[in-house]
Amino acid sequence: MLDRTPSRNLAMELVRVTEAAALSAARYMGRGDKKAGDQAAVDGMRLVLNTVEMDGIIVIGEGEKDHAPMLYNGEKLGTGDLPQVDIAVDPIDGTRPLAEGRVNSISTVALAPRGAMYNPGPFVYMNKIAVGPAAKGAINVEASVEENLREIAKASGKRIQDLAVVMLERPRHEELKAEVRRCGARLRMIDDGDVAGALMSAWPDSGIDVLMGIGGTPEGVLAACALRAMGGEIQGKLYARNDEELARGKAMGYDFDKVLTMDDLVASEDVFFAATGITDGELLDGVKYFPKGARTHSLVVRGVTGTVRQIIATHKFEKLEHISFLEY
């Protein structure tokens, strides 16, 4: 007989992790200190992750890419009890927007069963395309910009001129940007934060239809965990920055020609994802302070059920500081 008893939803525990990171980091909004903000987020995230009943190992630790304070690859977190899980973290997706007081800085974390997450090793960039449920099955990271936009428009019942493409503002994207414009689609350029960019493509109120371009591989894995539950899709290919990195990757057994599908990036539906806004953005509101406390806005998703929750929480610093060494 099929067991229909609801199982434990770790995503509801993960949101405490991203809330702690966001509350700790938000104090550094606009203060120009990326590392201090990142360290505050890491401290908040590590503290709460270690209270979660799980045997967790960090597979994706953002700090290895940019030499920031980090939750490092291979670090064990949680109480040590079952379940055994892989953990992907980006304590701040958008450290520069936070430091400069700009939009779309969020804190993110994801869990999947042990061995389910793609491990990119030291290869931190990938060419990505991500869409929401309406265009799932219509994208191909190896196809041209025009072909992808045409198929996305067809699947979503729009004209190409109606589509909005989000991409990172980077010199490497000048040709991509020009091609999107040639096709007649609209562009939303972001300074940083391509986890948020990917999630926007699956968020009905964001006005974004597709993420395109070269961004972080860790962010790609995190986005895949969320998009599985949100009904979207992401594809990617590892991107080598130079011939030396390409040769090193091939020697380690990485295939830079392989299309990484959702199943490659996270090979399980039993995934959990949480994100909390640090600064305001299209996806989430940032931390808002009031006397002796603050309010947070979070997104929580669960792969098995496809449930997507928004959580608005009120935090009272006087009570939090009795049970935590963190300064909120």
Original post:
Do R150 and I160 have side-chain heavy atoms sitting under 4.5 Å apart?
Top reply: yes
**OP:** Starting from the C-alpha separation in whole Å, work towards a yes-or-no answer on side-chain contact (heavy atoms from CB on, under 4.5 Å) for L168 and I190.
**Re:** CA-CA 5 Å; L168 292 170; I190 55 176; 3.9 Å; yes
**OP:** Would you mind checking if R295 and D285 are paired as a salt bridge, meaning a charged N to carboxylate O distance below 4.0 Å?
**Re:** no
**OP:** Please report the shortest heavy-atom distance between V17 and M45, naming the atom on each side.
**Re:** CG1-CG, 3.3 Å
Original post:
Are there more than 12 heavy atoms of other residues, nucleotides or ligands under 6.0 Å from atom NZ of K288?
Top reply: yes
Original post:
Can we say R228 and D263 salt-bridge, meaning some charged N sits less than 4.0 Å from an Asp/Glu carboxylate O?
Top reply: yes
Subject >> Charged N-O contact under 4.0 Å between D192 and R96 >> reply: yes
Subject >> E244 atom CD, over 12 foreign heavy atoms within 6.0 Å >> reply: no
Original post:
Can you name the closest pair of heavy atoms from A11 and V300 and give their distance?
Top reply: CB-CG1, 3.3 Å
Original post:
Taking the side chain as C-beta and beyond, is there a heavy-atom pair between K177 and L187 under 4.5 Å?
Top reply: yes
**OP:** Could you tell me the separation between the CZ atom of R248 and the CZ atom of F123, rounded to the nearest 0.5 Å?
**Re:** 4.5 Å
Subject >> Aromatic ring pairing Y289/F317, orientation class (parallel under 30°, perpendicular over 60°, tilted between) >> reply: tilted
Subject >> Rounded distance [0.5 Å steps], OG1 in T217 versus OH in Y125 >> reply: 9.0 Å
Original post:
Under 4.5 Å between any side-chain heavy atoms of M54 and L49, yes or no?
Top reply: yes
**OP:** Report yes if the side chains of Q235 and E142 come closer than 4.5 Å at any heavy-atom pair, otherwise no.
**Re:** no
Original post:
For the side chain of D93 and the backbone of S107, is there at least one donor-acceptor N/O pair under 3.5 Å apart?
Top reply: no
Original post:
Out of curiosity, N9 CG to T305 OG1, how far, rounded to the nearest 0.5 Å?
Top reply: 6.5 Å
Original post:
Does the side chain of T279 come within less than 4.5 Å of R102's, by heavy atoms?
Top reply: no
Original post:
Is there a path of hydrophobic side-chain contacts, each under 4.5 Å between heavy atoms of I, L, V, M, F, W or Y residues, that connects L260 with F256?
Top reply: yes
